[in-house]
**Q** 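Encoded as structure tokens, here's the structure I'll be asking about.
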Amino acid sequence: MAKRKRYLTATMADGYVKTIGPTNTAFTHYWRLVAYLSGGRTEVFWGHAKSFKEANGKKAASQEAARQRGWERYDFEVVELIESDNPASAKGKA
């Protein structure tokens, strides 16, 4: 029997909404890192994880990346993913 496909939606504190899917992987959290570079530029890195612990573990790697790449600063955020059966309802729940 095939695994059920679902959509996963993350809503960040600043209102940004990211929908992932369709997927059958059991992701539970979404993380986003916004790196502030010289000259006012930014870079965004993101991903999803199967646990809060896994997602939050990216924060330690972010500190090392900031040092190596010379970022002025960075913001790191982890949020829980909300599951739905279709993309339209996923956006409605977020």
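All heavy atoms count here, side chains included; hydrogens, waters and symmetry mates do not.
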**Q** Mind listing the closest non-hydrogen atom pair of Tyr74 and Ala35 along with its distance?
**A**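 Scanning both residues, the minimum pair turns out to be CB-CA, 4.1 Å.
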**Q** Residues in ring pair (Phe, Tyr, Trp, His ring centres under 6.0 Å) with Tyr16, at least two apart?
**A** none
**Q** Which residues satisfy the salt bridge (charged side-chain N to carboxylate O under 4.0 Å, His left out) test with Arg6, sequence neighbours excluded?
**A** Glu83
**Q** With the 4.5 Å side-chain cut-off for hydrophobic clustering, are Val78 and Phe27 part of the same group?
**A** no
**Q** State the CG-CZ distance between Leu33 and Phe76, to the nearest 0.5 angstrom.
**A**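 If we round to the nearest 0.5 Å, Leu33:CG and Phe76:CZ are 6.5 Å apart.
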**Q** Report yes if the side chains of Met12 and Asp75 come closer than 4.5 Å at any heavy-atom pair, otherwise no.
**A** no
**Q** Can you establish whether the number of heavy atoms outside Lys58 located under 6.0 Å from its atom NZ is more than 12?
**A** no
**Q** With side-chain contact (heavy atoms from CB on, under 4.5 Å) as the test, would you mind laying out the steps for Arg32 and Val44 before giving the verdict?
**A** CA-CA 7 Å; Arg32 178 180 69 175; Val44 178; 3.9 Å; yes
**Q** Just verifying a value: how many Å separate Ile82 CD1 and Leu8 CG, rounded to the nearest 0.5 Å?
**A** 9.5 Å
**Q** Is there a donor-acceptor contact under 3.5 Å from the side chain of Thr23 to the main chain of Thr25?
**A**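 Answer holds: yes.
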**Q** Determine the minimum heavy-atom distance between Val79 and Thr11, stating which atoms define it.
**A** CG1-O, 3.8 Å
**Q** Are the side chains of Glu43 and Leu37 in contact, using a 4.5 Å heavy-atom criterion?
**A**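 Side chain of Leu37 against side chain of Glu43, heavy atoms only: contact under 4.5 Å found.
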**Q** Do the side chains of Phe52 and Thr28 get nearer than 4.5 Å, heavy atoms only?
**A** no
**Q** Say you draw a straight line from OG1 of Thr42 to CD of Glu72; how long is it, rounded to the nearest 0.5 Å?
**A** 11.5 Å
**Q** Evaluate the side-chain proximity of Arg67 to Gln63: yes if any heavy-atom separation is below 4.5 Å, no if none is.
**A** no
**Q** Do the ring centers of His48 and Tyr30 come within less than 6.0 Å of each other?
**A** no
**Q** Can you check whether Tyr7 reaches Ile20 side chain to side chain, under 4.5 Å on heavy atoms?
**A** no
**Q** Measure from the side-chain N and O atoms of Glu77 to the backbone N and O of Trp31, and report whether any donor-acceptor pair falls under 3.5 Å.
**A** no
**Q** Below 4.5 Å, heavy atoms only, C-beta onward: do Glu54 and His29 meet side chain to side chain?
**A**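 Sidechains of His29 and Glu54: no contact.
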